[in-house]
Amino acid sequence: MPTPTPEPTRSHAPGPPQLQPTARSFGAEADRYDRARPRYPDALVHRIVAAAPGPELLDVGVGTGIVSRQFQAAGCRVLGVEVDARMAELARRTGVEAEVASFEEWDPAGRAFDAVVSAQAWHWVDSVAGAAKAARVLRPGGLLALFWNVLQPSPAATEAFAEVHDRVLPDTPNLWRKPALDTYAPLFAEATEGIRRAGGAFGVPKEWRYEWDHPYTRDEWLDLLPTHGRAGQLPPARLKELLTATGAALDTLGGDFAVHYTTVAIMASRTPDAASRPASARP
């Protein structure tokens with residue numbers, strides 16, 4: 001995950017083994033992650049529940065259970081799959097059943113679900129193999145729902161963060177110089193293409209978007225920042241430098257600032273004969 005806020009883009013070539021070290025890194029900040037990471041729009045949760053044929057839901061990349069708890073509150077029975085045992089343990093402590101495995105290697109043991117969801121995590125999964133596996137564990141008509149929170153701070157805050165990045169992390173791409181939705185666009189495209197290449201297992205993918213705003217205080221933002229992949233992997237001294245410079249920039253702006261979120265969801269329903277269709281091989 002880049003230091004600002006977007007999740008990392010990836011080329012179409014690397015497979016999950018190259019991404020798993022970062023995917024497994026979030027557990028070091030599991031409590032902070034659960035506390036600081038934003039929730040997801042209730043309208044999206046309820047729309048997924050309404051579109052699924054029943055209440056049994058699988059959460060891929062469950063993390064600490066943030067969105068799982070939202071689905072539980074909406075009446076779903078949720079099972080999570082999570083590659084990081086530390087994140088899964090926190091999810092269990094908050095009342096979410098979670099099993100530790102990568103989704104590609106996870107054994108469903110004959111279980112079937114009405115919806116498979118993945119919040120802020122599907123880019124850690126092979127897009128074609130993941131969609132094909134989702135089809136195998138979904139009941140006919142079941143829903144695959146992949147979604148991401150994409151944030152864009154106010155223009156003044158964005159420029160301040162870009163300047164901090166130039167000073168503190170000059171050797172890494174400065175994604176603050178690019179609109180956040182443009183950074184995420186390859187993730188959406190790969191998720192959509194993976195669904196299409198899953199052997200005809202799904203109907204035509206659709207995209208839903210939800211726009212919302214969230215205010216942050218200085219301290220809330222500094223609490224959130226280390227939960228993003230690239231920032232969280234910085235050596236302690238360099239992370240401290242980044243947090244100190246970001247805090248000073250926010251002090252100049254008055255401390256509080258607004259963030260605009262776009263939650264983008266890629267949805268597709270399983271076809272009746274999906275289980276008998278093989279996924280397309282990667283070139």
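If you're wondering where the values come from, they're calculated on a predicted model, not measured in any experiment.
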Looking at [X] and [Y], what are the two nearest heavy atoms and their distance?
{"X": "Gly200", "Y": "Thr271", "result": "O-OG1, 3.2 Å"}
{"X": "Arg197", "Y": "Val128", "result": "O-CG1, 3.8 Å"}
{"X": "His214", "Y": "Trp212", "result": "CB-CZ3, 4.1 Å"}

Side-chain heavy atoms of [X] within contact of [Y], under 4.5 Å:
{"X": "Gln120", "Y": "Arg37", "value": "yes"}
{"X": "Ile48", "Y": "Met267", "value": "yes"}
{"X": "Pro226", "Y": "Arg32", "value": "yes"}
{"X": "Val264", "Y": "Trp208", "value": "no"}
{"X": "Glu211", "Y": "Thr263", "value": "no"}

Taking 4.0 angstrom as the limit, do [X] and [Y] come out as a salt bridge?
{"X": "Arg218", "Y": "Glu220", "result": "no"}
{"X": "Glu159", "Y": "Arg177", "result": "yes"}
{"X": "Glu89", "Y": "Arg92", "result": "yes"}
{"X": "Asp171", "Y": "Arg238", "result": "yes"}

Exercise. At what distance, to the nearest 0.5 angstrom, does CG of Leu90 lie from CD of Glu82?
Worked result: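 Between Leu90 CG and Glu82 CD, I get 10.5 Å after rounding to 0.5 Å.
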
Is a side-chain donor or acceptor of [X] paired with a backbone partner of [Y] at a separation under 3.5 angstrom?
{"X": "Thr158", "Y": "Pro153", "value": "yes"}
{"X": "Thr244", "Y": "Glu241", "value": "no"}
{"X": "Arg270", "Y": "Ala135", "value": "yes"}
{"X": "Thr227", "Y": "Asp223", "value": "no"}
{"X": "Lys133", "Y": "Glu104", "value": "yes"}
{"X": "His165", "Y": "Thr172", "value": "yes"}
{"X": "Arg69", "Y": "Thr64", "value": "yes"}
{"X": "Glu163", "Y": "Ala249", "value": "no"}

Problem set entry | Residues forming a salt bridge (Lys or Arg N to Asp or Glu O under 4.0 Å) with Asp114, sequence neighbours excluded |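 Asp114 satisfies salt bridge (Lys or Arg N to Asp or Glu O under 4.0 Å) with Arg139 once adjacent residues are dropped.
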
Mind checking whether [X] and [Y] sit in one hydrophobic cluster, side chains of I, L, V, M, F, W, Y counted as touching below 4.5 Å?
{"X": "Leu138", "Y": "Trp106", "result": "yes"}
{"X": "Val117", "Y": "Val96", "result": "no"}
{"X": "Val137", "Y": "Leu79", "result": "yes"}

Problem set entry | Derivation and outcome, side chain to side chain contact (heavy atoms under 4.5 Å, CB included), residues Ile266 and Trp148 | CA-CA 9 Å; Ile266 310 297; Trp148 292 262; 4.2 Å; yes

Are [X] and [Y] an aromatic pair by the rule of ring centers under 6.0 Å?
{"X": "Phe103", "Y": "Trp124", "result": "no"}
{"X": "Tyr40", "Y": "Phe71", "result": "no"}
{"X": "Trp122", "Y": "Phe188", "result": "no"}

Exercise. With Tyr210, which residues qualify under ring pair (Phe, Tyr, Trp, His ring centres under 6.0 Å), at least two apart?
Worked result: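 Per chain and number, Tyr210 pairs via ring pair (Phe, Tyr, Trp, His ring centres under 6.0 Å) with no residue.
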
Exercise. How are the rings of Trp221 and Tyr216 set relative to one another: parallel (under 30°), tilted (30 to 60°) or perpendicular (over 60°)?
Worked result: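 The rings of Trp221 and Tyr216 stand perpendicular, inter-plane angle above 60°.
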
